[in-house]
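Each chain gets a letter, A, B and so on, in the order its sequence line appears, and its residues count up from 1.
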2 protein chains.
Amino acid sequence: MRADAQRNYDRIVEVARLVFREQGYDASLDDIAKRAGVGPGTLYRHFPKRENLLDAVMQSWVDRVNETVDKALTHEGTDRDVLLNWFEQYVALISQHKGGPAKITSAMGNPDSPIMTKCQVLATANRRVIDQLGEHSALRDDVDVIQVCRLVGGVATVADQAGLDADAVRPMLAVLADGLMR
Amino acid sequence: MRADAQRNYDRIVEVARLVFREQGYDASLDDIAKRAGVGPGTLYRHFPKRENLLDAVMQSWVDRVNETVDKALTHEGTDRDVLLNWFEQYVALISQHKGGPAKITSAMGNPDSPIMTKCQVLATANRRVIDQLGEHSALRDDVDVIQVCRLVGGVATVADQAGLDADAVRPMLAVLADGLMR
DNA sequence: ACCTGAACACCGTTCAAGT
DNA sequence: ACCTGAACACCGTTCAAGT
């Protein structure tokens with residue numbers, strides 16, 4: 001990639017991260033291009049679809065997911081406590097900007113999505129937590145990891161769109177944790 | 001209301017119901033106005049916000065909700081079966097058009113929403129089912145009816161946006177049913 | 001009192017011209 | 001090879017003129 005192209009790419013992603021956080025995932029691409037100091041055509045060259053831009057914005061976020069799940073795996077308490085704590089972290093991780101939970105969760109399990117690799121990171125994180133559950137509180141066998149992502153992501157989506165805070169979300173996640181363990 | 005105004009109102013609602021079902025809740029209002037044979041200003045006079053139009057479209061749907069819950073209350077089986085069957089009906093009821101589950105569920109519990117009365121119909125239907133649960137399988141006391149609507153609505157939202165079918169939804173609703181009963 | 005439709009603003013998207 | 005920005009299409013929303 002030519003030096004000026006690389007510079008423009010980086011500036012667009014940097015600005016997009018800021019604007020998505022300020023205005024949500026439905027922010028104007030024109031606005032992002034303007035604030036990055038490029039023409040709209042340049043943005044479209046690098047990111048043909050809005051989701052490609054989201055994918056680039058989420059690149060630096062992968063490390064944070066892995067750090068968070070590492071910490072969650074060492075959490076003190078019962079299996080249920082560990083799972084519930086992780087679900088709260090999961091909701092926070094996918095709720096970086098308004099509209100994010102819906103976009104991420106609906107892409108979960110779709111191999112053609114531009115953000116597929118990011119969904120896999122989340123699915124893998126979830127699997128690590130579930131695999132650590134003791135035999136007596138293991139995951140029921142009629143749901144898989146993707147379903148768990150969808151269930152927790154569904155709660156995150158509703159919370160995001162209705163503007164709910166963590167205190168309103170916790171009991172809903174508790175229902176999921178209790179319902180998931182056989 | 002003047003006769004021609006009433007006629008236009010009815011035609012807009014009728015067309016909107018059709019178009020929402022065909023194209024989803026984000027369909028073009030301009031298109032709806034054109035197909036109803038009125039100017040865009042007329043649509044805006046009757047329905048200042050998109051949600052006001054949704055509310056009018058959902059008017060005839062209230063009866064169906066009440067009929068459905070009546071039937072669900074006589075469903076054979078354990079409390080868990082009754083609850084799970086009702087949840088499936090609930091998802092179907094709020095999934096009449098794409099984007100509907102998200103809109104309805106995020107309005108749940110918001111007294112300022114234009115579709116508030118419709119949310120109350122759903123909440124009341126849910127309460128009736130829950131109140132019928134036997135004492136030993138009663139609803140846990142850290143969640144209320146609105147939370148139940150949000151949980152089931154969250155699953156419906158994800159299913160709607162990811163294009164999941166009933167077979168993929170059922171196990172997720174089963175998790176909720178199991179997690180909700182103490 | 002109600003309706004029409006032109007007009008404006010905004011946004012996504014494309015592409016010919018330029019470097 | 002990459003960028004610019006004018007141009008087009010589409011949509012929501014308003015409002016002056018009309019009945």
Side-chain angles (χ1 to χ4, degrees), chain A residues 1-57 97-100 102-103 106-107 112-115 161, chain B residues 1-57 97-100 102-103 106-107 112-115 161:
Chain A
M1 195 182 296
R2 229 168 62 178
D4 56 342
Q6 181 70 55
R7 190 180 50 88
N8 281 334
Y9 181 99
D10 291 341
R11 292 181 64 170
I12 291 168
V13 174
E14 194 183 352
V15 169
R17 184 154 32 227
L18 189 69
V19 173
F20 282 169
R21 201 164 44 204
E22 280 174 1
Q23 307 177 22
Y25 176 61
D26 292 325
S28 157
L29 297 180
D30 221 59
D31 187 34
I32 292 173
K34 268 202 192 76
R35 285 168 66 164
V38 302
T42 302
L43 192 150
Y44 274 83
R45 156 175 294 271
H46 289 301
F47 310 101
K49 299 171 74 172
R50 183 182 287 266
E51 281 187 306
N52 296 122
L53 182 53
L54 176 61
D55 186 65
V57 164
H97 30 74
K98 201 159 156 33
K103 204 72 211 171
S106 67
D112 299 329
S113 169
I115 62 169
Q161 289 168 353
Chain B
M1 197 182 292
R2 229 168 60 178
D4 56 343
Q6 181 71 55
R7 189 180 49 87
N8 281 333
Y9 182 100
D10 292 341
R11 292 182 62 168
I12 291 169
V13 173
E14 194 183 350
V15 169
R17 184 154 31 226
L18 188 70
V19 173
F20 282 168
R21 201 164 44 203
E22 279 175 3
Q23 307 178 20
Y25 177 63
D26 291 326
S28 157
L29 296 180
D30 221 59
D31 187 34
I32 292 172
K34 268 200 193 76
R35 286 169 67 164
V38 301
T42 302
L43 193 151
Y44 274 83
R45 158 177 292 272
H46 289 301
F47 309 101
K49 299 171 75 172
R50 183 182 286 267
E51 281 187 307
N52 297 122
L53 182 53
L54 176 62
D55 186 65
V57 165
H97 30 72
K98 201 157 155 37
K103 204 71 210 172
S106 67
D112 299 330
S113 168
I115 60 168
Q161 290 168 353

Give one of base, sugar-phosphate or nothing for [X], where a contact means two heavy atoms less than 4.0 Å apart.
X       : answer
B:Asp31 : nothing
A:Thr42 : base
B:Ala27 : sugar-phosphate

Can you tell me the distance, in whole Å, between the [atom1] atom of [X] and the [atom2] atom of [N]?
X       : N      : atom1 : atom2 : value
A:Tyr44 : D:dT4  : OH    : P     : 15 Å
A:Arg50 : C:dT13 : CZ    : P     : 8 Å
B:Lys34 : D:dT13 : NZ    : P     : 15 Å
A:His46 : D:dA1  : NE2   : P     : 14 Å
B:Arg45 : C:dC2  : CZ    : C1'   : 5 Å
A:Leu29 : D:dA9  : CG    : P     : 20 Å
A:Glu51 : C:dT13 : CD    : P     : 12 Å
B:Asp4  : C:dC2  : CG    : C1'   : 6 Å

(request) Determine whether B:Lys49 and B:Asp55 make a side-chain contact, defined as any pair of heavy atoms from C-beta on separated by less than 4.5 Å. (result)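 Counting from C-beta outward, B:Lys49 and B:Asp55 never come under 4.5 Å.
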(request) Determine the interplanar angle of the B:His46 and B:Tyr9 rings, folded into 0 to 90°, and report it as parallel if under 30°, tilted if 30 to 60°, perpendicular if over 60°. (result)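 It falls in the perpendicular class, over 60°.
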(message) OP1 or OP2 of D:dC3 versus the side-chain N and O atoms of A:Asn8: is any pair under 4.0 Å?
(response)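 For A:Asn8, the contact criterion (side-chain N or O under 4.0 Å from OP1 or OP2 of D:dC3) is met.
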Smallest separation among heavy atoms of [X] and [Y], with atom names:
X        : Y        : result
B:Pro114 : B:Glu51  : CD-OE1, 3.2 Å
A:Ile32  : A:Leu53  : CD1-CD2, 4.3 Å
B:Ser106 : A:Gln161 : CB-CB, 3.7 Å

(message) Go nucleotide by nucleotide along DNA chain D from the 5' end; which of B:Pro48 and B:Arg2 gets its closest nucleotide reached first?
(response)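 Its nearest nucleotide lies further toward 5', so the answer is B:Pro48.
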(request) Counting Watson-Crick and G-U wobble pairs only, both distances under 3.5 Å, name the nucleotide matched with D:dA9, or none. (result)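 With both distances under 3.5 Å required, D:dA9 matches none.
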(request) Would you mind pulling out the nucleotide paired to C:dA16, Watson-Crick or G-U wobble, both distances under 3.5 Å? (result)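 C:dA16 is paired, partner D:dT4.
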(request) Could you check A:Pro40 against B:Val38 and say which one's nearest nucleotide on DNA chain C is further toward the 5' end? (result)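 With A:Pro40 and B:Val38 compared, the 5'-side residue is B:Val38.
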